[in-house]
Amino acid sequence: MDQKIFTTVDHFVTDTLLEEDEGLREAVRAAEAAGLPSIQVSPPQGKLLQLLVRLVGAKRILEFGTLGGYSAILMARVLPGGGRLISLEANPEYAEVARRSIERAGVGDRVEVRVGPALEALPALEEEGAGPFDLVFIDADKVNTPNYFDWALDRTRVGGLIVADNVVRGGSLGDATDPDEATVAQRRLHEQLRGEPRVSATTIQTVGGKGYDGFLIALVEGD
Ligand code: SAH
Ligand code: DHB
Ligand code: MG
C-alpha cells in the first residue's frame, strides 16, 4: 500500500461520486497560479464537509484557515438561503486569491473572508454576535487548534459540529514522545475532550491524495 494507490482511489471516488464544479476547479487553478501551497482538503473530504453541512442544516459556519477558498466555496455551495460563512485567514495574499475565487464561484454574497491571525479576529466576532455557529471547521495553524476549539465550543449550538482537520499528522498523534508542537497540540485537544461533557467526538484517520492524516468530528451536546 502506498501513496500511488491512495491517489488512484481518490481519483476514482472523485470521478464516480463527486459533482463537477467549475468554480472549485477555477479556485484550484487560481491558487496554483498564485503559488499557494496545495494543502486544501481533498475532493472526497470536501464532499464530506458538504454532507456534514447539510446533515446539521448549517446556516452559520465559521472556518479557521481560508487558503485559496476551496473548502469555503464547497461549504458555501450547500448553505441554504440566508446562510453565511465567515472564514479567517492570516495571510493577506491568500485571502485576496480566495476572495476572487469565491466571487467567481458565485458565493460571494454569503462568504466573508477576514484577514489576520484568527485569534485576533475572535473578539470582533464576539462583539458582533456572529454566533452561535452550526458548524465550525478548524483548519488553520495547527498549534492553535485546541484554542480555536475552546472558543468554538462556547459558540456552537447544541446539535452543531466542530470539525478539526489534520489532527493525525502522519500518525504522530499516537506518539506521546513526539516533540513537534503541532502534534502535542492535537494530543492535548484529545485529552481535553476526554473530560468534556459538552462534546461527543471521534477521530477518523484518512489516506488519499493528500497522504496520511485525519480529522476530528465533535458533536456539541450541551451548554
Ligand atoms: N481550509 C482550506 C485550507 C487551509 S490551509 C481548504 O481546505 O481549502 C491552512 C491556512 O491557515 C493557510 O492558508 C494559512 O495561511 C492559514 N493560517 C495559518 N496561521 C493562521 C492563523 N494564525 N490565523 C488564520 N489563518 C492562519
Ligand atoms: C497543512 C495544512 C493543512 O490544513 C493541511 O490540510 C495539510 C497541510 C500545512 O500547513 O502544512
Ligand atoms: Mg487541512
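Each ligand, and each atom within it, is numbered from 1 in the order the structure gives.
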inquiry  = Under 4.0 Å from a heavy atom of Pro117: which atoms of ligand 1 are those, numbered in the order shown and with their elements?
reply    = 22 (N), 23 (N)

inquiry  = For Tyr94, which part has a heavy atom under 4.0 Å from ligand 1: side chain, backbone, both, or neither?
reply    = side chain

note = For Ala118, the atoms of ligand 1 under 4.0 Å from one of its heavy atoms are 21 (C), 22 (N), 23 (N), 24 (C)

Asp165 backbone or side-chain N/O/S under 2.8 Å from the Mg ion (ligand 3) = yes

remark   = Logged contact type for Lys142 with ligand 2, heavy-atom cut-off 4.0 Å, is side chain

key: Nitrogen or oxygen of Ile39 less than 3.5 angstrom from that of ligand 1   = no

message = Once you restrict to heavy atoms under 4.0 Å, what part of Asp213 touches ligand 2? Side chain, backbone, both or neither.
response = neither

query = How does Asn166 reach ligand 2, by side chain, by backbone, by both or by neither, if only non-hydrogen atoms under 4.0 Å count?
reply = side chain

ask   = the Mg ion (ligand 3) is nearest to which N, O or S atom of Asp139?
value = OD1

remark   = side chain to side chain donor-acceptor pair (under 3.5 Å) with Lys142: of Asn166, Thr183, Asp180, Asp165, only one passes, and it is Asn166

ask   = Is the distance between the Mg ion (ligand 3) and the nearest N/O/S atom of Gln40 smaller than 2.8 Å?
value = no

Heavy-atom nearest neighbour in the protein, as seen from atom 4 (O) of ligand 2, with distance rounded to 0.1 Å = Asp139 OD1, 2.6 Å

request  = Look only at the side chain of Lys210 and the backbone of Ser38, and say whether a donor-acceptor pair between them is shorter than 3.5 Å.
outcome  = yes

ask   = Which atoms of ligand 1 sit under 4.0 Å from any heavy atom of Thr66?
value = 2 (C)

